[in-house]
Asks: 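Input: one structure, supplied below.
Only heavy atoms go into these numbers, but all of them, side chains included; no hydrogens, no water, no symmetry mates. Counting starts at 1 for both ligands and their atoms, following the listed order.
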Amino acid sequence: MSNGLPGGIKHVSELAVEGRRVFVRVDYNVPLSKDKRVTDDARIAATLPTLKHLLDRGARVILGSHFGRPDGKVNPQYSMEPIAARLADLLKVDVTLADEPVGDGARKVVNDVRDGHVAMLENLRFDPGEEANDETFARTLASYCDVYVNDAFGTAHRAHASTAGMVKFVAEKGAGFVMAKEIEVLSRLLGNVDRPYLAVVGGAKVSDKIEVLDALLERVNAIVIGGAIANTFLEANGKQLGKSRVEREKLPVARNFLRKAVERGVVVHLPTDVVVATGLEATEASVASVDGIGAEQMALDIGPQTITAFADVVTQARTVFWNGPMGVFEKPLFEKGTMAIARAMAANKMALTVVGGGDSAAAIAQAGLVASVTHVSTGGGASLEFVQGIDLSGIAALRG
Ligand code: ADP
Ligand code: MG
């Protein structure tokens with residue numbers, strides 16, 4: 001347990017990499033503009049500590065990633081080329097891109113990498129073997145390296161050839177800096193945390209969140225529910241939601257959840273007031289009590305009274321996991337609830353504060369508070385599976 005990683009997983013700094021070929025699975029699934037420029041390079045920048053560490057130690061780095069959904073077919077639309085170019089800019093090292101994920105050309109590029117240099121395989125999903133976790137494809141990738149490093153937490157919940165299948169065919173393996181931090185911090189949420197332990201859950205769909213809610217019920221002292229999913233819970237409690245987004249078919253699930261929470265003594269905080277408007281495109285909004293939502297109104301954010309109550313619960317917690325915005329934070333009119341949760345988390349310096357989920361990570365960035373919480377996970381789905389206690393394929397592969 002010297003490095004803080006559970007289950008005997010090695011940190012990249014513990015691996016013998018000098019002069020060896022090190023395959024690094026990265027998550028370079030970044031947004032591109034129409035003219036094929038990387039519009040947000042955060043995922044590339046996030047891997048620089050691992051890559052610089054390896055290059056400083058004289059490793060020969062071979063990068064593998066997926067990009068988009070080419071569905072097992074070669075498609076120039078999804079070439080890694082603009083991504084390799086951006087990486088070369090950021091790293092200030094030449095990056096040689098193979099024109100295929102595996103094959104004679106790829107093998108030549110890999111064989112030609114010198115100490116302290118970087119090669120990148122073409123989009124791994126150009127080959128159907130990647131997503132199928134095909135053994136032959138996995139063995140071929142493994143044959144390109146002596147050491148395997150996974151720094152792609154965002155895809156760790158998928159059992160693909162580059163995240164899981166190839167690992168057993170490589171003698172030495174470990175976690176890169178991004179992966180190691182994710183495992184370290186998220187594992188703390190599964191252990192003996194400081195209490196009260198609070199989960200703040202919001203977002204769009206009950207069906208996306210019910211598993212994580214059920215799992216959190218076993219661990220937390222209280223749950224705050226906001227966002228569109230709160231509508232379904234409010235309706236389950238007999239409120240009239242007007243034109244708000246409600247998942248009627250999930251009402252039994254919501255009622256069952258609320259009953260289980262009572263049984264376990266977990267306090268569930270629901271909104272008492274909401275910001276309502278006639279629709280997403282509305283230019284004005286008002287505040288309504290959850291007992292007074294008009295037939296034509298849509299609840300699009302939590303209201304001021306709820307903000308005060310929720311922020312207070314966050315302030316008193318000593319561990320907070322947040323997934324899912326409190327409202328339609330993409331619109332300034334409906335961002336206040338989400339921004340208030342972000343601020344309350346950032347201000348709570350006594351607590352372990354963790355944010356998971358793609359939109360929630362975007363929300364804390366919008367608030368300018370990424371550096372003020374303990375951890376913002378780089379994985380959406382992966383972080384939600386992790387906090388449920390699911391053993392992610394890509395992490396399990398790094399053990400032993
Ligand atoms: P995450 O990616 O963090 O897991 P989700 O994808 O579950 O979060 O939810 C994010 C989306 O939920 C946002 O696009 C946001 O606009 C939407 N949302 C939140 N509250 C509401 C609401 N009251 N009505 C409609 N949409 C909402
Ligand atoms: Mg989302």
Side-chain angles (χ1 to χ4, degrees), residues 29 31 40 42-43 153-154 157 186 199-213 215-216 223-236 239-248 250 254 270-282 285-288 290 293-294 296-304 306-307 310 320-342 345 353-367 369-370 373 375-388:
N29 191 26
D40 178 356
R43 286 180 169 174
F153 178 73
H157 57 318
L186 297 175
V200 179
V201 183
K205 283 160 77 185
V206 174
S207 44
D208 283 350
K209 304 289 153 117
I210 192 66
E211 272 135 9
V212 74
L213 280 169
L216 288 165
I223 303 184
V224 158
I225 301 180
I229 67 168
N231 299 337
T232 304
F233 286 92
L234 287 168
E235 190 161 301
K239 309 293 180 197
Q240 311 267 308
L241 273 292
K243 285 232 163 22
S244 309
R245 186 168 173 165
V246 175
E247 292 163 84
R248 296 261 137 68
K250 294 292 169 198
L270 287 170
T272 53
D273 62 347
V274 284
V275 175
V276 292
T278 51
L280 281 167
E281 302 310 321
S286 56
V287 174
V290 293
I293 300 172
E296 298 304 315
Q297 291 178 324
M298 267 182 108
L300 295 169
D301 194 8
I302 55 175
T306 304
I307 286 178
F310 284 8
V320 187
F321 175 69
W322 176 27
N323 168 253
M326 297 290 102
V328 182
F329 74 100
E330 297 91 338
K331 310 244 176 207
L333 212 47
F334 312 115
E335 70 168 14
K336 286 197 191 73
T338 304
M339 295 301 119
I341 292 290
M345 278 183 78
T353 46
V354 181
V355 182
D359 291 289
S360 311
I364 193 110
Q366 185 172 313
L369 294 170
V370 173
V373 293
H375 183 60
V376 180
S377 179
T378 55
S383 65
L384 294 193
E385 289 196 17
F386 197 109
V387 300
Q388 285 171 57

Asks: Is a donor on one side and an acceptor on the other found under 3.5 Å between the side chain of D40 and the backbone of P31?
Replies: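 Side chain of D40 to backbone of P31, a donor-acceptor pair under 3.5 Å: no, none is there.
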Asks: With no hydrogens and no angle check, is any side-chain donor or acceptor of T338 less than 3.5 Å from a backbone partner on P325?
Replies: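 Not at all, since once roles are kept as given, no pair shorter than 3.5 Å links the two residues.
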Asks: For E335 and Q366, does a side-chain donor sit closer than 3.5 Å to a side-chain acceptor?
Replies: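 Yes, side-chain donor-acceptor contact under 3.5 Å.
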Asks: Donor-acceptor pair, distance only, cut-off 3.5 Å: does the side chain of Q297 make one with the backbone of V276?
Replies: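 Not confirmed, Q297 side chain does not pair with V276 backbone.
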Asks: I'd like the residue list for ligand 1, meaning every protein residue with a non-hydrogen atom under 4.0 Å from the ligand.
Replies: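 Within the 4.0 Å shell of ligand 1, which is judged on heavy atoms, sit G203, A204, K209, G227, A228, A299, L300, N323, G324, P325, G327, V328, E330, G357, G358, D359, S360.
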Asks: Are any side-chain N or O atoms of D273 and backbone N or O atoms of T306, one a donor and one an acceptor, separated by less than 3.5 Å?
Replies: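 A pair under 3.5 Å: yes.
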Asks: Is V376 close to W322 at the side-chain level, that is, under 4.5 Å between some pair of heavy atoms?
Replies: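 W322 vs V376: side chains apart.
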Asks: Keeping to distances under 2.8 Å, can you name the protein N/O/S atoms close to the Mg ion (ligand 2)?
Replies: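 Atoms qualifying: D359 OD2.
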Asks: To check you understand the geometry: which heavy-atom pair defines the closest contact between V275 and I302, and what is its length?
Replies: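 Result for this residue pair: CG2-O, 3.5 Å.
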Asks: Any donor-acceptor pair under 3.5 Å linking the side chain of N231 with the backbone of R245?
Replies: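 Looks like yes, one N/O pair under 3.5 Å.
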Asks: At their closest point, which heavy atom of V201 faces which heavy atom of I223, and how far apart are they?
Replies: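 Smallest heavy-atom distance, with atoms named: CG2-CG2, 4.5 Å.
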